[in-house]
Amino acid sequence: FLYRQTYIYPTTRTSGIPTVQADRGTFDIKLRYLFVTEKQANYTGLALAYRKYLRERGILRTDQAFQLPVQLDFFAGDVQESALGYSFVTTTTLEQMAAICQELRDEGVESALTVYKGWQPQGIYGAYPEGIRLQSGLGSLKELHRTAEAMVEEGMSLKLYADPVNAYATGKYSSDSYLYGIYERMLKLPTQLALHPYRYQYVPTRTLSILKQQREAARELGTAGLALDGISHVLSSSLKNGQWLSRQQTAALYAGGMPE
């Protein structure tokens, strides 16, 4: 467990010194040891012991009515370079996704969590619009609502993939919307993607603003919800204009702005 983060404290615009976080991080840490012996002293034995522990506490359900749904990820599309700049390449439309889900239903799949990725304009790495707006050629919002409604009736659910933490371009918002690293430079993380060589991260307030807009728009659609990425496992610190934002502060902002 890491109680104090280390970071570079800038002393000039081009150099700094290693520094340890002043305030210790607070964690609700508990450790429980389960011992296995003889033939159970292997990974299988550890898994069985952990399963027993979960069952005894009612965390893992054993009733026959419970069935873990299959997760289906559908990729709507992405952009590619073309003679006139960039063009969108469609891989799965709403109609095609609905047809595939129906085939799976006919083959005996009783429940599924369906996640639709790359639905927004400019595809999977495009900036999220103000609300829900599908890339042209994928289908209409009415079709999205009908598809989600039909899936619910069939024991499935449809979620729109959303990552309100990461960005792959910085032109949509002002510079204050992005995290800054050492020497107060905008944080740029290499991606190995040809068209999107760098990944940026939003400040928590911008992340929560994007999340709020997406949630409200998804709520208006009724049955289509959001499958969130990034915000559940990415915590970053930032330094700009002498203002320090720690990972603990980021976590607190996320917790305070997330729905119950």
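Just so it is clear, the model here is predicted, and its values are computed rather than measured. Atom set for the values below is all heavy atoms of this structure, side chains included, hydrogens, waters and symmetry mates excluded.
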Kindly write out the residues that satisfy salt bridge (Lys or Arg N to Asp or Glu O under 4.0 Å) with Asp229, not counting sequence neighbours, or none if the list is empty.
none
For Tyr53, ring-ring contact (aromatic ring centres under 6.0 Å, His included) partners two or more places apart:
none
Checking Arg105 now: which residues fulfil side chain to side chain donor-acceptor pair (under 3.5 Å) with it, not counting sequence neighbours?
Glu154
State, with a plain yes or no, whether a side-chain heavy atom of Leu187 is found less than 4.5 Å away from one of Tyr178.
no
Sort and list the pairs that fulfil salt bridge (Lys or Arg N to Asp or Glu O under 4.0 Å) and have at least one residue in residues 187-212, not counting sequence neighbours.
none
Quick check: closest heavy atoms across Val165 and Gly230, and the distance to 0.1 Å?
CG2-C, 3.6 Å
What ring pair (Phe, Tyr, Trp, His ring centres under 6.0 Å) pairs are there with at least one residue in residues 117-144, not counting sequence neighbours?
Trp119-Tyr128, Tyr125-Tyr168, Tyr125-His196
Do any side-chain atoms of residues 80-90 form donor-acceptor pairs under 3.5 angstrom with protein atoms, and if so which ones, sequence neighbours left out?
none

pair Leu211-Leu228: side-chain heavy atoms closer than 4.5 Å:
yes
So, do Leu134 and Leu94 sit near enough that their side-chain heavy atoms are less than 4.5 Å apart?
yes
With Glu143, which residues qualify under side chain to side chain donor-acceptor pair (under 3.5 Å), at least two apart?
none
With the side chain counted from C-beta on, respond yes when Leu160 and Ile132 share a heavy-atom pair under 4.5 Å apart, and no when they do not.
yes
Does Gly131 offer a backbone N or O that forms a donor-acceptor pair with the side chain of Gln214 under 3.5 Å?
yes
Could you tell me whether the side chain of Tyr180 reaches within less than 4.5 Å of the side chain of Ser175, counting heavy atoms only?
yes
Taking Ala76's backbone N and O only, do any of them form a donor-acceptor pair with Thr91's side chain (distance below 3.5 Å, no angle check)?
yes
Crowding at CZ, Phe75 (>12 non-hydrogen neighbours, <6.0 Å):
yes
Does the Thr191 side chain pair with the main chain of Leu189, one donor and one acceptor, at a distance under 3.5 Å?
no
What one should report as the nearest heavy-atom pair of Tyr254 and Val234 is CE1-O, 3.7 Å
How long is the straight-line distance from CG of Leu158 back to CG of Leu144, given to the nearest 0.5 Å?
6.0 Å
Could you list the residues that satisfy ring-ring contact (aromatic ring centres under 6.0 Å, His included) with Tyr116, not counting sequence neighbours?
none
Suppose we screen for ring-ring contact (aromatic ring centres under 6.0 Å, His included). Which residues come up paired with Phe74, at least two apart in sequence or across chains?
none
Only counting residues at least two apart or in another chain, list the ones meeting side chain to side chain donor-acceptor pair (under 3.5 Å) with Gln135.
none
To the nearest 0.5 Å, what is the distance between CG (Leu54) and NZ (Lys52)?
12.5 Å
Close side-chain approach of Met186 to Gln201, heavy-atom, < 4.5 Å
no
Residue pair Leu179 / Tyr202, side-chain heavy-atom distance below 4.5 Å
no
Closest non-hydrogen atoms of Ala162 and Leu226, given as atom of the first, atom of the second and distance, are CB-CD2, 4.5 Å
Side chain to side chain contact (heavy atoms under 4.5 Å, CB included) between Met97 and Met151: does it pass, once the steps are laid out?
CA-CA 11 Å; Met97 177 177 64; Met151 285 185 175; 4.2 Å; yes
Side chain to side chain, Thr114 and Cys101, heavy atoms closer than 4.5 Å:
yes
Please name the pair of heavy atoms, one in Pro164 and one in Thr207, separated by the smallest distance, quoted to 0.1 Å.
O-OG1, 2.9 Å
Strictly distance-based, threshold 3.5 Å: is any side-chain N or O of Arg4 a donor or acceptor partner for the main-chain N or O of Ala22?
yes
Taking every heavy atom of Pro129 against every heavy atom of Gln213, the minimum-distance pair comes out as O-OE1, 4.4 Å
Summary of side chain to side chain donor-acceptor pair (under 3.5 Å) pairs that have at least one residue in residues 34-47, sequence neighbours excluded:
none
Work out which heavy atom in Pro204 is nearest to a heavy atom in Leu253; give both atom names and the distance.
CB-CD1, 3.7 Å
Residues in side chain to side chain donor-acceptor pair (under 3.5 Å) contact with Glu95, at least two apart in sequence or another chain:
none
